[in-house]
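Reviewing the structure listed below.
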Amino acid sequence: MPTLKSRRDFLAADRGMRIVTPAFILLVQPNACGAARAGFTASRRLGPHVQRNRARRRLRELARLLKAEAVAGADHVFIARPAVLDRPFPVLLADGRRALAAARRRLGA
RNA sequence: CCACACAUCCGGGCGGCCGCGGGCCGGUCCUGUCGGCAGGGCGGGCUCGAGGAAAGUCCGGGCUCCACGGAUCGGCGGUGGCGGGUAACACCCGCCGGGGGUGACCCCAGGGAAAGUGCCACAGAAACCACACCGCCGCCCGGCCCGGGGCAUCCCCGGGUGGCGGUAAGGGCGAACCGGUGCGGCAAGAGCGCACCGCGGCCCCGGCGACGGGGUCGGCACGGCAAACCCCACCGGGAGCAAGACCGAAUAGGCGCGCAGCGAUCCUUCGGGGAUCGGCGGCUCGAUCCGGCCGGCGCGCGGGUGGGUCGCUCGAGGCGCGUGGCGACACGCAGCCCCAGAGGAAUGGCCGCCCCCCUCCCCCAAGGGGACAGAACCCGGCUUACAGGGUGUGUGGCACA
RNA sequence: CGGAGCGUGGCGCAGCCUGGUAGCGCAUCAGACUGGGGGUCUGGGGGUCGCAGGUUCGAAUCCUGUCGCUCCGA
């Protein structure tokens, strides 16, 4: 799955729908390129670089495992919240699955 | 055995499955090409993949640009015992001096206060250059007061007050005040004299030196603060890999307006188009100068500013051994090793065994957890953060032989 | 990557350069004026000077380190 890099893509996703979970916020916005893409954000509020890196890696692993349930033709931006650092990974996985289901439901409706 | 000091090292280990970044090598498909081959897509194999601090960015360098090189001054900034190590340093080693500790050992911005300026609050008599508050001592006894004696408006004695002089030992103030202790001395005292200690000058000896030791003289004068200004000695151009280089038409070339187009000579397609010299202006923090280099200026329009490649990791490199040195370190070797190099940026998820920690004083079980922290041009240091542990040397104490 | 600045009562700021007393405004508390409120006047309380060392007799002030925040340039 391609990764979002440019600031413009992130700003575009910010205009889409928001799904809030304890560990992250998911933004979903249909894009022009047709493929499902993902982007990750870990701000300085999470702490120093070690913690920002770890938050981004866990979210990336989450996206990798849930790639099949992504919304086709849409950008998915994962914004890390502090809880992502110590939330058990199976719980995190359930959060992500629930968030993607909600996105598909709202978009399909 | 207990307590402590110093040095040094490690920074969870092993394995399985899925995934990520770099490099190398095959396979397959597509495009271009006569072909060799080049580019791209898909899918595999092998291999490497964070730290001792990667951090803070506090110093020192390499490297690159400012065209290049140099001198002086001023300013600014830094350093500050001595000797050495080093590419260099504010780092490191050894030594000296001072301070702390029973000791091993630790700490010190540690030049100059008789070059000058400034400050030293409050208290206190007085805060740095001299004075003298209380007190002590001597003299004057003239005046006044008190007490006592003599029969006495008068005389005598003692005390207080007062005046003149001596004194700096004592008191009181303070962070600090005519060096400290003792003896002699004196009316009382004082380096006034003497001894020891401290201080200062000179001489001798030892040491490369900081400095140390000894002698002699002085007779105490010379308080503290330079992390106050300052003085002295030494050092220092500026910017930073978004440096910068190459490819591409690409910080250029073009158009318009305004101002200016200086002097001399020459060429001329006669257009202020060009050349030489002078002048003027500019040239990487300031000023001046020398050589040198560059040069119409301003505003607007238009164009460009999202590309690719290099710089980019093999280096003052790490390990081992030997030699020299107290040591920092240096030198040498048929020796061994290659250890991240990125597109805004790769290490993650799950599981098993072992190790350690926590919950509760111990044991078992169960549960939870794994210090500080993430490379971005590269080195040498410093500083700061850090669970826990290993090794070596030494000191003090206790016990035993 | 480079540079500059700021942390002082609840809030906003002086004081720092040139070291000895921490001050101002708003807010807050008490009293007075008023029937009550507002407002005015008078009086009062409240500060580890971000933190840790050092220099000094003495540090908010000087020096070093450290933490946090803000801004600027490429």
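No experiment lies behind these values; they were computed from the predicted model shown. Here is how names work: the chains are called A, B, and so on, in the same order as the sequence lines, proteins then strands, and each is numbered from 1.
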Exercise. Can a side chain N or O of A:Arg58 be found less than 4.0 Å away from OP1 or OP2 on B:G349?
Worked result: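 Yes, because at least one side-chain N or O of A:Arg58 sits under 4.0 Å from OP1 or OP2 of B:G349.
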Exercise. Can a side chain N or O of A:Arg57 be found less than 4.0 Å away from OP1 or OP2 on B:U347?
Worked result: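 So the side chain of A:Arg57 is within the cut-off, an N or O lying under 4.0 Å from OP1 or OP2 of B:U347.
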In whole angstroms, how far is the [atom2] atom of [N] from the [atom1] atom of [X]?
X	N	atom1	atom2	value
A:Asn53	B:U347	CG	P	8 Å
A:Arg64	B:U347	CZ	P	11 Å
A:Glu61	B:G348	CD	C1'	6 Å
A:His49	B:U347	NE2	P	14 Å
A:Lys67	B:G348	NZ	P	19 Å
A:Arg87	B:G348	CZ	P	21 Å
A:Arg60	B:G344	CZ	P	15 Å
A:Leu65	B:C350	CG	P	10 Å

For this session: For B:G80 and B:A226, measure between their P atoms and round to the nearest Å.
Result: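 One P to the other, the span is 15 Å.
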Problem set entry | B:G279 and B:U265, which share atom name C1', separated by this distance in whole Å |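 B:U265 and B:G279 have their C1' atoms separated by 15 Å.
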For this session: Identify whether any heavy atom of A:Arg54 sits under 4.0 Å from a base atom; if not, whether one sits that close to sugar-phosphate; answer base, sugar-phosphate or nothing.
Result: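 Sugar-phosphate only.
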Contacts of type side chain to side chain donor-acceptor pair (under 3.5 Å), residue [X], not counting sequence neighbours:
X	value
A:Gln29	none
A:Arg87	A:Asp95
A:Arg56	A:Asn53

Exercise. What pairs with A:Phe78 under ring pair (Phe, Tyr, Trp, His ring centres under 6.0 Å), at least two apart in sequence or on another chain?
Worked result: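 A:Phe78 satisfies ring pair (Phe, Tyr, Trp, His ring centres under 6.0 Å) with A:Phe24, A:Phe40 only.
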Problem set entry | For B:G388, glycosidic torsion class - syn if within 90° of 0, otherwise anti |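 With its glycosidic angle more than 90° from zero, B:G388 counts as anti.
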Exercise. Which glycosidic conformation, syn or anti, is assigned to B:G52 if syn requires a torsion within 90° of zero?
Worked result: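 Syn.
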For this session: Determine the stems involving RNA chain C; a stem requires 3 or more consecutive pairs of the Watson-Crick or G-U wobble kind, each with both distances below 3.5 Å, and the answer is none if no such run exists.
Result: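 Expected stems, ordered by start: C:1-7 with C:67-73, C:10-13 with C:23-26, C:28-33 with C:39-44, C:50-54 with C:62-66.
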For this session: Spell out, as yes or no, whether a donor-acceptor pair under 3.5 Å connects the side chain of A:His76 to the backbone of A:Gly39.
Result: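 Between the backbone of A:Gly39 and the side chain of A:His76 there is no qualifying donor-acceptor contact (under 3.5 Å).
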For this session: Could you tell me which residues satisfy side chain to side chain contact (heavy atoms under 4.5 Å, CB included) with A:Glu69, sequence neighbours excluded, listed by chain and number?
Result: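 A:Glu69: side chain to side chain contact (heavy atoms under 4.5 Å, CB included) contacts with A:Leu66, A:Arg97, A:Leu100, A:Arg104.
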Exercise. Starting at the 5' end of RNA chain B and moving along, which residue's nearest nucleotide shows up first, A:Pro88 or A:Arg52?
Worked result: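 Final value for this comparison: A:Arg52.
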